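All chains are named by letter (A, B, ...) in the order of the sequence lines, taking the proteins before the strands, and each is independently numbered beginning at 1. The shown structure was predicted, so the numbers you read here are calculated from the model rather than taken from an experiment.
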Protein chains: 2
Amino acid sequence: MAGEKVRNMEEFARMSGISRPTLSKFFNDPTSVRASTRSRIEAALEQFDYRPNIYAMNQNRKLTKNIGIVVPLLSDPYFAEIARNLEQRCIAAGYRPTLFSSHGDTALEVEVLQTLRSLKPAGVLLAPLGRASDNKALEAFCAEVPTLIFDSSVEEIGLSFVGSDNVQFTTHITDYLCRTGEPPCFFEMKTPANPNAHRRRQAYIAAMESFGHTPEVVSVEGEGWGFEEIGRLGGHEALTNKWFSTNTILCSNDRLAIGLLTACYEQGVRVGRGQDCAIRVAGQDGHPHSRYTCPPLTTISHNYDAVSQTAAIALFLAIEGQLSPWKSTRLEGQLILRDSA
Amino acid sequence: MAGEKVRNMEEFARMSGISRPTLSKFFNDPTSVRASTRSRIEAALEQFDYRPNIYAMNQNRKLTKNIGIVVPLLSDPYFAEIARNLEQRCIAAGYRPTLFSSHGDTALEVEVLQTLRSLKPAGVLLAPLGRASDNKALEAFCAEVPTLIFDSSVEEIGLSFVGSDNVQFTTHITDYLCRTGEPPCFFEMKTPANPNAHRRRQAYIAAMESFGHTPEVVSVEGEGWGFEEIGRLGGHEALTNKWFSTNTILCSNDRLAIGLLTACYEQGVRVGRGQDCAIRVAGQDGHPHSRYTCPPLTTISHNYDAVSQTAAIALFLAIEGQLSPWKSTRLEGQLILRDSA
DNA sequence: ATAAATTTTTTACGCGCGTAAAATTTAGCT
DNA sequence: AGCTAAATTTTACGCGCGTAAAAAATTTAT
């Protein structure tokens with residue numbers, strides 16, 4: 001690790017007494033050389049400080065070891081968490097992940113894809129913006145680069161899709177709410193950013209009807225990715241105008257719920273399942289912050305680990321040649337019972 | 001933009017009728033060629049789909065256009081937000097930023113620096129882990145790569161330091177709390193992750209003494225970067241054992257405050273400045289989430305824009321040869337009054 | 001021990017672009 | 001128009017490594 005610096009592979013070949021092409025093979029895949037050779041190289045790496053020049057490496061290689069990870073909004077801890085998880089898995093598998101965020105902006109997402117193209121990645125893990133995505137650009141990109149879509153599906157694009165089973169999410173938590181109190185109203189954005197929201201609304205309606213209740217959907221205005229503020233403002237409006245027909249509110253996602261909780265606080269409405277509480281609020285996503293709201297938020301959580309593992313493994317297999325037909329994998333979530341509902 | 005693909009610069013030279021060396025100059029810096037030539041090249045770029053191969057580009061260039069951005073924990077929205085801000089500034093200035101997170105782990109921070117080395121970046125914007133950083137590794141890195149330290153200072157390392165004026169932060173908010181109610185106790189981690197926390201404690205003590213009050217510091221156990229949980233558990237302990245000598249609590253940072261608010265909720269302690277409230281809680285940082293706590297958190301906010309602008313500009317100047325002596329810039333924060341205090 | 005299979009070495013070329021130096025063209029100015 | 005300064009073209013080499021092919025060495029099997 002420490003030791004005198006070596007300028008290039010040729011010099012390292014001389015110093016270590018191993019031919020350059022063999023070293024090249026080693027750095028490309030350590031298991032591709034005989035075990036005895038490998039240990040000789042590793043011993044030399046201890047003595048000398050040498051790392052291959054990544055630019056020269058990637059220049060002629062048909063396939064780099066780069067993997068791009070793209071999320072719609074890195075400042076959302078949910079995406080930050082899943083990105084971290086994916087990043088670690090890529091490193092563990094010997095790839096070089098690079099993190100990108102579309103920052104909730106269509107044009108930026110397209111730019112990220114452009115940047116990604118020039119990185120010549122072996123593969124890409126992409127969570128699209130959703131409704132705001134430039135679908136043609138996505139399609140063109142997927143045709144060029146092996147891309148696995150996660151979180152938010154966009155038709156049958158890319159290698160496969162891995163995400164959560166939104167229908168199960170909403171059905172499950174709706175069922176819980178119905179069994180433990182008044183049936184819930186559904187609180188959502190009128191023009192949600194991604195298709196998961198539509199699935200959740202539909203699942204809510206279907207679940208309510210199957211339980212013999214009348215679904216009540218409250219859709220509030222608001223554009224963009226500032227969900228908390230949309231939830232807060234929408235919450236104020238809904239509370240003031242008594243749009244909620246029952247004392248239980250299921251939010252389309254946790255960030256909206258967080259905003260609604262703030263609105264409730266600001267209107268002096270007590271939230272929780274206690275006798276002294278006026279309404280119950282539940283979210284969906286298992287957002288990292290949901291534990292720390294007041295009251296702590298009852299929600300149904302993504303299986304972060306399973307989603308990222310499934311996505312990563314599917315991409316690795318595709319990169320390594322194990323092509324399988326397009327498939328959609330949707331993982332179940334887990335109900336997290338807290339004080340808010 | 002759209003049009004037939006061109007394989008390399010030579011082919012693009014033929015197609016556009018402009019010599020390859022001139023194109024090379026153009027792609028390195030568009031303003032370095034005559035305006036008429038520039039517009040001819042830009043016209044050709046509209047017709048043909050060509051982007052220089054970044055690997056070939058960076059192979060021989062003494063200085064790449066890469067800039068590394070390193071934060072200690074990307075899943076903390078505060079760092080995510082400042083990283084986003086820096087990223088945009090780099091792009092606007094014609095650089096290629098790459099985002100890294102140390103994920104709160106010393107070994108990972110060292111690994112990130114290793115990875116960064118092989119990227120041969122023109123410069124790096126680095127927010128160190130702080131106490132957990134491997135200072136020798138940081139020093140060695142800074143000696144090799146132009147590095148601007150931000151957020152959390154580590155001796156006189158790198159080009160310069162840009163961050164917030166923690167003394168001003170704490171003095172200002174302590175003053176506010178003293179003027180509007182009982183003087184605050186100070187709530188912090190016993191072994192904080194970064195040096196800013198020490199400055200804040202000291203500034204609190206100094207401020208209290210200068211106002212003629214007795215400082216009361218409550219330090220709670222807890223390791224790592226799960227500040228909310230540390231604040232919640234420590235909050236329970238402090239409330240149960242009546243460690244707070246006044247009804248006002250100034251937290252070392254917002255995430256700790258968020259955890260404390262949850263503890264208060266769980267113990268049925270009403271927080272706010274109303275008559276019916278038992279205690280007041282304030283934070284420090286202007287965390288993106290602080291608006292949505294219940295009650296919304298009174299805090300003193302970093303000047304995100306100014307910090308990132310100052311940091312970015314300082315780095316750009318250094319990269320472009322305008323070397324100036326090491327300097328520490330600490331920017332003032334702005335008090336944000338909300339319901340919690 | 002000998003042949004066969006595998007691995008390593010030798011040799012050699014090319015990737016796409018940066019960059020230097022000299023020759024040539026173009027623009028700016030009186 | 002004529003001159004100078006600046007920009008562009010021509011020519012040519014090199015960066016560090018991937019990779020192919022053939023020769024040599026090593027390991028494994030018989």
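Note on A:Thr22: every side-chain N or O is 4.0 Å or more away from OP1 and OP2 of C:dT7. For B:Tyr50, a side-chain nitrogen or oxygen approaches OP1 or OP2 of C:dC17 to under 4.0 Å. Here B:Ser19 does not reach the OP1 or OP2 of D:dT8: none of its side-chain N or O atoms lies under 4.0 Å away. For D:dG18, the OP1/OP2 oxygens have a side-chain nitrogen or oxygen of A:Ser24 closer than 4.0 Å.
Taking atom CG of B:Asn53 as the reference point, atom C1' of C:dG18 lies 13 Å away to the nearest angstrom. Atom CE in B:Met57 sits roughly 17 Å away from atom P in D:dG16 (whole-Å rounding). Here the P atom of nucleotide C:dT19 and the CZ atom of B:Phe26 are 16 Å apart, to the nearest Å. Remark: P of C:dC17 and CZ of B:Arg7 are 12 Å apart, rounded to the nearest angstrom. One atom, CZ of A:Arg38, and another, P of C:dT8, lie 10 Å apart when rounded to the nearest Å. Note: CG (A:Asp29) to P (C:dT8) measures 12 Å, nearest angstrom. Rounded to a whole Å, the NZ atom of B:Lys25 is 15 Å from the C1' atom of D:dT10. One can place CG of A:Asn58 at 20 Å from P of D:dC15, the figure rounded to the nearest angstrom.
A:Asn53 and A:Asn8 share no donor-acceptor pair across their side chains, judged by distance under 3.5 Å alone.
Side-chain atoms of A:Arg20 stay outside donor-acceptor range of the base of D:dG16, with no qualifying N/O pair under 3.5 Å.
Aromatic ring pairs are classed by plane angle as parallel below 30°, tilted from 30° to 60° and perpendicular above 60°; the pair A:Phe12 and A:Phe27 is tilted. Relative ring orientation between B:Tyr78 and B:His302 is described as parallel, the plane-to-plane angle staying below 30° on a 0-90° scale split at 30° and 60°.
Position along DNA chain C of the nearest nucleotide to B:Ser36 versus B:Ile54 favours B:Ile54 as the more 5'-ward residue. Nearest-nucleotide positions on DNA chain C for B:Glu10 and A:Arg34 put A:Arg34 closer to the 5' end. Nearest-nucleotide mapping onto DNA chain D: of A:Asn28 and B:Gln59, the residue sitting toward the 5' end is B:Gln59.
Among D:dT19, D:dC17, C:dG18, the nucleotide with an atom closest to any side-chain atom of A:Pro21 is D:dT19. Listed nucleotides: C:dC15, D:dC15, D:dT9. Nearest to the side chain of A:Asn60: C:dC15.
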- Message: Applying side-chain hydrogen bond (donor to acceptor under 3.5 Å, both in side chains) to B:Arg89 and B:Ser308, what does each step give before you reach the verdict?
- Response: CA-CA 8 Å; B:Arg89 287 179 198 282; B:Ser308 61; 3.3 Å; yes
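With A:Ile54 as reference, A:Arg96 is the one residue of A:Arg96, A:Lys65, A:Gln59 to meet the side chain to side chain contact (heavy atoms under 4.5 Å, CB included) rule.
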